A.B. asks: 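My structure is below; once you've seen it, I'll send some questions.
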Amino acid sequence: MALLIKNGNIVTATDSYVADILCEDGKIAAIGHDLSAPVADEVVDATGHYVFPGFIDPHVHIYLPFMGTFAKDDYNTASRAALVGGTTTLIEMCCPSREEDPLEAFDLWLGKAQGISSCDYTFHMGVSRFDDNTEQKLRTIVERGIASFKVFLAYKGFLGVNDDELCKTLKLAQELGVIVTAHCENETLIAERQQQLLAEGKTGPEWHEPSRPVQVEAEGVHHLMAFAEATGAHVYVVHTSCEPAIRAAEEAKMRGVNVWVETVIPYLTLDSTYAEQGDFEGAKYVMSPPIRAVEHQNCLWNALRSRSISTVATDHAPFDFVGQKEMGRDDFTKIPNGLPSIEDRVNLLYTYGVKRDKIDLHTFVDAASTQAAKLFGLFPRKGTIALGSDADLVVYDPMYRGTIAASKHHMATDYNPYEGWPIEGRPSLVTLRGNVQVRDGQFIGKDGIGEFLKRDCTH
Ligand code: URP
Ligand code: ZN
Ligand code: ZN
Ligand code: ZN
């Protein structure tokens, strides 16, 4: 099967040029001018469009038992939504609780995706406990193609690790060349602040941010940096929301710590006033770390432009407003944490980043695709447009104008945090290994053809 995409403006993390792309047997077979393809099943005219490498979302939750409920999407809805938004590869957090066996959990999470996902996928293996049996099981999981771990320095007693476990995880990762992704917040300070606020009768969603102030996040990053420095492990700080947290990572970087920083689209586009909306609307914007005051947003854009931030993910963690967010009506600590954005990340980053002159097109591709591929052992199979790379391509229409609405999104949630937001561009065609999965905002492809991506340890 062949597909020829003609005359698109090909944009990678480093280059921009007009050319044709021939896709054969799932790979990019030729890039050049006036390519002819007598055997091409389909010829797409991409004149006036960008052609980007398939985008990678390196931080999503799909199967997620969490805070007394389950995240709303499954791989059917989440992968379709991802593809419609231009994302062709997902890296999901496999998040076993402390009581679950790591190998059983890995198989459980894998089973949720296999044969169901319509885009490619892999996992960061969550380590929520490190006892005598853990090490061998983690080694087996790495042999099965996992090249990154995940630890939580929050959610103590459920997902969070203690310092002894953190140290052991980092040492093993360092030995294996595995990168460790980490949620950084000081759980003790959070618990203390939550109890104090509730005792003062401050129960609404607007108190979520004050319960986890920026110092709490910065302390988490400092803490991880000290352990990374001591063990030599390579680490990746997930969902960084604020200036002090970025500074903590930057200072460590200057000391020689191998650390990379992720932010997520909600922090770049929303601010703390959204959680202050009345009628419990604010609950739609409760996630951890919290969405910050607007000045942090500016800092994040600058850090992205200067490449202090490597990646822009979603931390897609979808919960309905009705029945799920509502669990915390009388107590903000019971609102399931997380926002759905797997479908809208790329269009938001393009519209509110590139089109508003906050970042250029190459930074956009780098942060939303290439860096994730490089950091997590997928490059150059994914993350670029080059001979032999997977034919995961996004033909992007910069002339499209539309608005985001829950009524037409593909995610399973009953609301969209970006309801009514204008979008200035969207994918007109999305391919996964040469298969056309999306046309003009509609999933028209093959269900369940997503592959589990085995990765090599590269750190
Ligand atoms: O609020 C969030 N971020 N929910 C998902 C779980 C996590 O901490 O990433
Ligand atoms: Zn987290
Ligand atoms: Zn997360
Ligand atoms: Zn490394």
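The structure presented is a predicted model; accordingly, all values stated were derived computationally and were not measured. Remember, it's 1-based here, ligands and their atoms both numbered in the order they're listed.
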A.B. asks: For ligand 1, is any non-hydrogen atom under 4.0 Å from His183's backbone (N, CA, C, O), its side chain (CB onward), both, or neither?
C.D. replies: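 The answer is the side chain.
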A.B. asks: Can you list the atoms of ligand 1 that are under 4.0 Å from a heavy atom of Ala317?
C.D. replies: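 Numbered from 1, ligand 1 contributes 4 (N), 5 (C).
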A.B. asks: Which residue and non-hydrogen atom of the protein lie closest to atom 4 (N) of ligand 1, and at what distance in Å?
C.D. replies: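 Sorting protein heavy atoms by distance from atom 4 (N) of ligand 1 puts Asn337 O, 3.0 Å first.
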A.B. asks: Using a 6.0 Å distance limit plus a 45 degree cone around the ring axis, check whether Lys325 lies over the aromatic ring of Phe319.
C.D. replies: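 Ring-cation test returns no.
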A.B. asks: Taking a cutoff of less than 4.0 Å between a non-hydrogen atom of the residue and any ligand atom, is Met93 in contact with ligand 1?
C.D. replies: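 Met93 does not count as a contact of ligand 1 under the 4.0 Å cut-off.
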A.B. asks: Please find the N/O/S atom of His59 nearest to the Zn ion (ligand 3) and write down its name.
C.D. replies: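 Within His59, restricted to N, O or S, the Zn ion (ligand 3) is closest to atom NE2.
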A.B. asks: Quick test: of every protein heavy atom, which one is nearest to atom 7 (C) of ligand 1, and how far off is it to 0.1 Å?
C.D. replies: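 Ranked first by proximity to atom 7 (C) of ligand 1 is Tyr155 OH, 3.6 Å.
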A.B. asks: Consider side chain to side chain donor-acceptor pair (under 3.5 Å). Of His409, His316, His410, which one does Glu343 pass it with?
C.D. replies: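 So the option named by the test is His410.
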A.B. asks: When you measure from the side chain of Arg129 to the backbone N and O of Ser97, does any donor-acceptor pair fall under 3.5 Å?
C.D. replies: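 Checking the backbone N and O of Ser97 against the side chain of Arg129, no donor-acceptor pair under 3.5 Å is found.
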A.B. asks: Would you call the rings of Trp260 and His459 parallel, tilted or perpendicular, where under 30° means parallel and over 60° means perpendicular?
C.D. replies: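 It falls in the perpendicular class, over 60°.
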A.B. asks: Assign the ring pair Tyr415 / Phe321 to parallel, tilted or perpendicular, where the plane angle (0 to 90°) is split at 30° and 60°.
C.D. replies: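 Plane angle over 60°, so perpendicular.
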A.B. asks: Distance check, rounded to the nearest 0.5 Å: Ser272 atom OG versus Glu276 atom CD?
C.D. replies: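 Answer rounded to 0.5 Å: 5.0 Å.
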A.B. asks: With a cut-off of 4.0 Å, which atoms of ligand 1 are near a heavy atom of His239?
C.D. replies: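 Reading through ligand 1 atom by atom, the close ones are 8 (O), 9 (O).
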A.B. asks: How far is atom 1 (O) of ligand 1 from the closest protein heavy atom, and which atom is that?
C.D. replies: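 Nearest protein contact, heavy atoms only, for atom 1 (O) of ligand 1 is Ser288 N, 2.8 Å.
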A.B. asks: Looking only at atom types and distance, does a side-chain atom of Thr169 sit under 3.5 Å from a main-chain N or O of Glu165, one as donor and one as acceptor?
C.D. replies: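 Checking the backbone N and O of Glu165 against the side chain of Thr169, a donor-acceptor pair under 3.5 Å is found.
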A.B. asks: Under 4.0 Å from any heavy atom of Met287, which atoms of ligand 1 are there?
C.D. replies: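 Taking each heavy atom of Met287 in turn, ligand 1 has 1 (O) under 4.0 Å.
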A.B. asks: I want to check something: taking the side chain as every heavy atom from C-beta on, are Asp344 and Asn416 in contact at a cut-off of under 4.5 Å?
C.D. replies: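 In contact.
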A.B. asks: If you count the atoms of ligand 1 from 1 in the order shown, which ones are under 4.0 Å from a heavy atom of His59?
C.D. replies: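 Counting atoms of ligand 1 from 1, those under 4.0 Å from His59 are 9 (O).
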A.B. asks: Which pair of non-hydrogen atoms, one from Glu451 and one from Asp120, has the smallest distance, and what is that distance?
C.D. replies: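 Closest approach of Glu451 to Asp120, heavy atoms only: N-OD1, 2.7 Å.
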A.B. asks: Just jot down the ligand 1 atoms closer than 4.0 angstrom to any heavy atom of His61, in number order.
C.D. replies: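 Counting atoms of ligand 1 from 1, those under 4.0 Å from His61 are 5 (C), 6 (C), 7 (C), 9 (O).
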A.B. asks: How close does the nearest protein non-hydrogen atom get to atom 3 (N) of ligand 1, and which residue and atom is it?
C.D. replies: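 Looking only at protein heavy atoms, the one closest to atom 3 (N) of ligand 1 is Asp315 OD2, 2.5 Å.
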A.B. asks: Nearest to the Zn ion (ligand 2), which N, O or S atom of His183 do we find?
C.D. replies: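 It is ND1 of His183.
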A.B. asks: Just to the nearest 10 degrees, tell me the angle at the Zn ion (ligand 3) spanned by Asp315 OD1 and His61 NE2.
C.D. replies: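 Result: 90°, to 10°.
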